[in-house]
**Student:** 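Attaching a single structure in structure tokens format; questions to follow.
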2 protein chains.
Amino acid sequence: MVSTAILHPAISAPPIETGLTSLFEQLGVVTAFRPEEEVCAQDEANDVVYLVLSGAVRSARLLSDGRRQISGFYYAGDVLGLATSLFHQPAVEALVDTRTIAVRRSALPHFGLPGERLERLLWRATSEELARVHDHMMLLARKSAVERVAGFLEDIAQRAGGDWVFLPMPRQDIADYLGLSIETVSRMLTQLQGQRLVAFDGCRRFRICASARLARLLAA
Amino acid sequence: MVSTAILHPAISAPPIETGLTSLFEQLGVVTAFRPEEEVCAQDEANDVVYLVLSGAVRSARLLSDGRRQISGFYYAGDVLGLATSLFHQPAVEALVDTRTIAVRRSALPHFGLPGERLERLLWRATSEELARVHDHMMLLARKSAVERVAGFLEDIAQRAGGDWVFLPMPRQDIADYLGLSIETVSRMLTQLQGQRLVAFDGCRRFRICASARLARLLAA
DNA sequence: CGAAGTATTGACCATTATCAAGCGTCGTGG
DNA sequence: CCACGACGCTTGATAATGGTCAATACTTCG
């Protein structure tokens, strides 16, 4: 899939200012996934990183007794597969119809300048994800159920950017992301609606009504 | 490892196999800290990474109302400062007498081959820390108090490697790392001692007595 | 329209936090 | 060397938060 670039190092000649997406487009392979499909083959894990072009993806770890923890949701523009571990490979699955571009880390040094640029950008992306995950640890360890759910809605609304926001994941995934039971998530959503902080249209579409009061609740 | 030779032919001559520590030693600056001293100046944050030579360090985030989350403890051989965030700089403090080597990320591209090697090793270290942090999120979100405390002792004993292990941090730090109250940590320690899984000699020195039974409790 | 899968609500219970004493341990000074 | 004091740790009683189990209500799709 990548061998053409190795055979034609000429493409490394023009040192254009390039962002993540265009570098991925130069060096990677596009794939499409249906909902519930496995994005990441086990044997590729630890070497392949993915840029999400469209759709949404979840990354989860399972304990032998069934307890599950979702380590993150990834949307268009996010990079996936930055964590590497010899044990505990996460299960990475598409939530909705999704397209990704994949590149192998180990191939990057052979791509000349664009490969180097991408390596640096990916290191930076990894460092930034680490910081985000630290925030999430604070949420899991020290925040109440309402704060967690409110924070989650805030986050996702921020990223989506529109007025009404679509939730691509079921309640169980939200619960497993926030370290709560599905019932508690549901109750907190009802509570937030009762306080007119958010409004739902069905159980997958919502809107933030009072972002100032919501922010006050989040006590960062 | 191939393309670097192309990009820097002048320095490509001695292809020595170099590890993290020796690269840090080539490129970094050693500093010593007393207990409770701030390791990381705020204005350097996000650019400087540290290798811990000896001692122990904690990295903590604070919420405005006083809630604290310790994102990690770092011992000799660990790399510190891999997470970058424009908001939420963590407070990084020495737990005991500590020596570190610091290097600036932004300086690495100017160091030729050793700089490149170090960049790649640091990216790898960042990816591995991300995986460890995912494990910790699972612990915070889904494990019971006993499991957390037992897992913590197991972890630290693993790293220390000896028979008797010294805890460089007070109970409050353990609590803030595990997302528990100090009282619960204390109770769980008493419980584990009652089951003869661990033994304490004072409150800072312990030993794992029944690692098999302890592992069974950890239900990974 | 009906059935299956999701989501919500309610009643009750378990776990952990909080508040308040009491106990050790270590360092200091008599 | 021992007594005292300060700090950190442990223990106990009680309360709050969130989990579990069970029933009901949506929604989505055939």
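Just so it is clear: chains get the letters A, B, ... in the order the sequence lines come, proteins before strands, and each one is counted from 1.
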**Student:** Quick one: B:Asp65 CG to C:dT18 P, roughly how many Å, whole number?
**Tutor:** 11 Å
**Student:** Is B:Arg159 salt-bridged to B:Asp78, cutoff N-O under 4.0 Å?
**Tutor:** yes
**Student:** Rounded to whole angstroms, how far apart are CD on B:Gln191 and C1' on C:dT15?
**Tutor:** 12 Å
**Student:** Counting side-chain heavy atoms from CB outward, which of C:dT8, D:dT11, C:dA7 is closest to A:Arg204?
**Tutor:** C:dA7
**Student:** What is the distance from CZ of A:Phe200 to P of D:dT27, rounded to the nearest Å?
**Tutor:** 12 Å
**Student:** How long is the line joining CZ of A:Arg205 and C1' of C:dT6, in whole Å?
**Tutor:** 18 Å
**Student:** Could you give the CD1-to-P distance, from B:Ile182 to D:dG8, as a whole number of Å?
**Tutor:** 9 Å
**Student:** For B:Ser85, is there any backbone N or O sitting under 3.5 Å from a side-chain donor or acceptor partner on B:Asn46?
**Tutor:** yes
**Student:** If we ignore angles and hydrogens, is there a donor and acceptor under 3.5 Å between the side chains of B:Tyr177 and B:Gln172?
**Tutor:** no
**Student:** Only one of A:Arg68, A:Arg67, A:Arg58 passes side chain to side chain donor-acceptor pair (under 3.5 Å) with A:Asp176; say which it is.
**Tutor:** A:Arg68
**Student:** Does B:Trp123 have A:Arg105 sitting over its ring (NZ/CZ under 6.0 Å from centre, angle to axis within 45°)?
**Tutor:** yes
**Student:** Is the backbone N or O of B:Leu140 less than 3.5 Å from a side-chain atom of B:Arg148, with the two atoms forming a donor-acceptor pair by type?
**Tutor:** yes
**Student:** Using nucleotides 14-21 of chain D, report all nitrogen or oxygen pairs with the protein that are shorter than 3.5 Å.
**Tutor:**
from   : atom 1 : to       : atom 2 : distance (Å)
D:dG18 : OP1    : A:Ala145 : N      : 2.6
D:dG19 : OP1    : A:Ser181 : N      : 3.3
D:dG19 : OP2    : A:Ser181 : N      : 3.3
D:dG19 : OP2    : A:Ser181 : OG     : 3.1
D:dG19 : OP2    : A:Thr184 : OG1    : 2.4
D:dT20 : O4     : A:Arg187 : NH2    : 2.7
D:dC21 : N4     : A:Glu183 : OE2    : 2.9

**Student:** What is the distance from CG of A:Leu189 to P of C:dT6, rounded to the nearest Å?
**Tutor:** 17 Å
**Student:** Any cation-pi pair here, B:Arg205 with B:Trp164, using under 6.0 Å and within 45°?
**Tutor:** no
**Student:** For the helix from C:dC1-D:dG30 to C:dG30-D:dC1, what angle separates the axis at the start from the axis at the finish, each from five pairs, in steps of 10°?
**Tutor:** 30°
**Student:** Using atom CG of A:Asp176 as one end and atom P of C:dA7 as the other, report the distance to the nearest whole Å.
**Tutor:** 12 Å
**Student:** Measure CG/B:Asp201 against P/D:dC9 and give the value in whole Å, please.
**Tutor:** 15 Å
**Student:** Between the side chain of B:Thr126 and the main-chain N/O of B:Leu122, is any donor-acceptor distance below 3.5 Å?
**Tutor:** yes
**Student:** Sort and list the pairs that fulfil ring pair (Phe, Tyr, Trp, His ring centres under 6.0 Å) and have at least one residue in residues 188-210 of chain A, not counting sequence neighbours.
**Tutor:** A:Phe200-A:Phe206
